[in-house]
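Note sheet for the following structure.
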Amino acid sequence: MENFKSDVEVKLVALDMDGTLLNNKGCISLANRQAIKSAKDKGVIVVLSTGRSLLTCREHADDLELGSYLVTVNGSEIWDENRELVERNLVSPEHIQWMWNLSNQHKAKFWAINTERTLHNELPEDLYNFEWLKFGFSIDDDATRELVLNELTAKGEFELTNSTLKNIEVNAAGINKARGLAVVCERLGIDMKNVMAVGDSRNDLMMIKEAGLGVAMGNAQEVVKEEADWITSSNEEDGVAKAIQKWVLE
């Protein structure tokens, strides 16, 4: 597959954060920083495409001096270079209530992101007064997780992914990182075939499949590696820097 992709001209690099850009301590390595700076110096746009909200990814974007778009909460929100909201895709409060009940039924840990903050294992009594972006289940037991996934799937109204093998991430139907990047590319006048997308989990799968060059981390889930055009090193071994070096800078 590598030779087939060697003629891709990368104009935009889309980076997942957890398990990809960040190491296991939640930090950005010096090698990754330098590679991103070199890509930017070459005129390549670098976009964070993450399951995190703006509140929890903005610091890293600012730290890297990324004056570009952000795709956050798996595509539920898209922000422009001035951190102004371009698009917001909500999960209804009724669905949040239903998933909260489902988590209680299966004694599952959960988190939920609204436009103001991320909540863990608790929801406000007035949850109908908030705008919700994502719901997540964290379930160690495989059988229980499968049961919950089956109920979510049967509902037929959600985009279902994960960011680790132990969780389930729930966005509004049709909302994912690939769709978010497509919006960004349209606004920038860039074709998706000129995008290199790098990630490690199922919430990266669609952008890896739809980008001109899809790169899986060495620590990626097997399903992601199977769909990728190239596999780089792990997030502990500067995998992002190595992918940028090979496909953008060489």
Side-chain angles (χ1 to χ4, degrees), residues 8-23 26-89 113 115-118 133-134 175-200 203-204 206-208 210-215 217 232 235 238-250:
V8 171
E9 182 192 354
V10 177
K11 296 179 181 178
L12 187 149
V13 175
L15 300 174
D16 169 55
M17 291 181 64
D18 295 282
T20 300
L21 173 62
L22 305 179
N23 63 22
C27 300
I28 302 170
S29 72
L30 181 59
N32 283 354
R33 285 176 188 281
Q34 290 173 335
I36 288 168
K37 184 180 186 304
S38 297
K40 285 167 52 195
D41 288 347
K42 193 178 175 181
V44 174
I45 295 165
V46 180
V47 170
L48 299 184
S49 185
T50 177
R52 292 180 176 221
S53 69
L54 180 68
L55 288 173
T56 53
C57 80
R58 185 175 198 156
E59 180 184 349
H60 291 291
D62 292 345
D63 186 33
L64 290 168
E65 298 180 356
L66 298 183
S68 60
Y69 285 75
L70 297 172
V71 176
T72 63
V73 205
N74 294 342
S76 282
E77 289 185 330
I78 301 165
W79 303 85
D80 71 11
E81 56 278 316
N82 300 312
R83 305 294 187 258
E84 297 289 329
L85 187 67
V86 172
E87 187 177 298
R88 177 174 280 157
N89 301 283
I113 299 178
T115 54
E116 295 177 25
R117 62 194 177 116
T118 300
L133 301 167
K134 184 173 80 170
I175 300 305
N176 55 56
K177 293 182 181 184
R179 185 187 171 283
L181 283 174
V183 171
V184 170
C185 284
E186 187 175 351
R187 290 174 71 97
L188 292 172
I190 293 174
D191 197 290
M192 281 290 278
K193 72 172 184 278
N194 297 115
V195 172
M196 177 174 83
V198 191
D200 71 306
N203 64 357
D204 303 309
M206 290 300 291
M207 73 171 183
I208 282 172
E210 294 187 21
L213 181 63
V215 176
M217 299 297 292
T232 188
N235 66 319
D238 308 318
V240 163
K242 288 172 184 171
I244 291 173
Q245 186 63 45
K246 177 168 181 63
W247 298 105
V248 180
L249 301 177
E250 280 184 7

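Position 1 is the first residue of the sequence, and the numbers go up from there.
- Counting all heavy atoms, side chain and backbone alike, Trp247 lies closest to Val10 at O-CG2, 3.8 Å.
- For the residue pair Val184 and Leu12, the shortest heavy atom distance occurs at CG1-CD1, 4.2 Å.
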Give the table of side-chain donor-acceptor pairs shorter than 3.5 Å for residues 186-199, with sequence neighbours excluded, one pair per line with atom names and distance.
| from | atom 1 | to | atom 2 | distance (Å) |
| --- | --- | --- | --- | --- |
| Arg187 | NE | Tyr69 | OH | 2.9 |
| Asp191 | OD1 | Lys193 | N | 2.9 |
| Asn194 | ND2 | Glu9 | O | 2.8 |

Distance-only donor-acceptor hits, side chain of residues 44-55, under 3.5 Å, sequence neighbours excluded:
| from | atom 1 | to | atom 2 | distance (Å) |
| --- | --- | --- | --- | --- |
| Thr50 | OG1 | Arg52 | N | 2.9 |
| Arg52 | NE | Asp18 | OD2 | 2.8 |
| Arg52 | NH1 | Thr56 | O | 2.8 |
| Arg52 | NH2 | Asp18 | OD1 | 2.8 |
| Ser53 | OG | Leu55 | N | 3.4 |
| Ser53 | OG | Thr56 | OG1 | 3.4 |

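- Annotation: side-chain hydrogen bond (donor to acceptor under 3.5 Å, both in side chains) contacts of Glu87 (sequence neighbours excluded): Asn89, Arg179.
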Please test Asp62 against Arg83 for side chain to side chain contact (heavy atoms under 4.5 Å, CB included), starting from the C-alpha separation and ending with a verdict. CA-CA 11 Å; Asp62 292 345; Arg83 305 294 187 258; 3.2 Å; yes

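- Shown here are the side chain to side chain contact (heavy atoms under 4.5 Å, CB included) partners of Ala35, two or more places apart in sequence or in another chain: Ala241, Ile244.
- In this structure, CG in Asn32 is found 9.0 Å from CG in Leu64, a value given to the nearest 0.5 Å.
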Test Glu77 against Thr115 for side chain to side chain contact (heavy atoms under 4.5 Å, CB included), laying out the working first. CA-CA 9 Å; Glu77 289 185 330; Thr115 54; 3.9 Å; yes

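- A distance of 7.0 Å separates CG in Leu133 from CD1 in Ile113, rounded to the nearest 0.5 Å.
- A salt bridge (charged side-chain N to carboxylate O under 4.0 Å, His left out) check over residues 26-50, counting only residues at least two apart or in different chains, returns the pairs Arg33-Asp63, Lys37-Asp41.
- Annotation for Gly239 and Thr232: closest pair O-OG1, 2.7 Å, computed over non-hydrogen atoms.
- A donor atom on one side chain and an acceptor atom on the other are not found under 3.5 Å apart for Asn74 and Asn176.
- Under a cut-off of 6.0 angstrom, the local environment of CD in Glu59 is sparse, with at most 12 non-hydrogen atoms contributed by other residues, nucleotides or ligands.
- With sequence neighbours excluded, the residues that form a side chain to side chain contact (heavy atoms under 4.5 Å, CB included) with Arg117 are Asn114, Leu119.
- Looking at His60 and Leu66, their side chains never come closer than 4.5 Å, going by heavy atoms from C-beta outward.
- Under the side-chain hydrogen bond (donor to acceptor under 3.5 Å, both in side chains) criterion, Lys242 pairs with Ser233, sequence neighbours left out.
- Ile78 places none of its side-chain heavy atoms less than 4.5 Å from the side chain of Arg88.
- Heavy-atom neighbours of Glu81 CD from other residues, nucleotides or ligands within 6.0 Å: above the threshold of 12.
- Shown here are the side-chain hydrogen bond (donor to acceptor under 3.5 Å, both in side chains) partners of Lys177, two or more places apart in sequence or in another chain: Asp16, Asp204.
- With sequence neighbours excluded, the residues forming a side chain to side chain contact (heavy atoms under 4.5 Å, CB included) with Glu84 are Asp80, Asn82, listed by chain and number.
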Does Trp79 form a side chain to side chain contact (heavy atoms under 4.5 Å, CB included) with Leu85? I'd like the steps, not just the answer. CA-CA 5 Å; Trp79 303 85; Leu85 187 67; 3.8 Å; yes

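- For Asp238, the side-chain hydrogen bond (donor to acceptor under 3.5 Å, both in side chains) criterion is met by Ser29, not counting sequence neighbours.
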Working for side chain to side chain contact (heavy atoms under 4.5 Å, CB included), residues Asn235 and Thr20: CA-CA 5 Å; Asn235 66 319; Thr20 300; 5.7 Å; no

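- The line from CD of Gln34 to CD1 of Ile36 is 11.0 Å long, rounded to the nearest 0.5 Å.
- Shortest non-hydrogen contact noted between Gly212 and Val8 is O-CG2, 4.0 Å.
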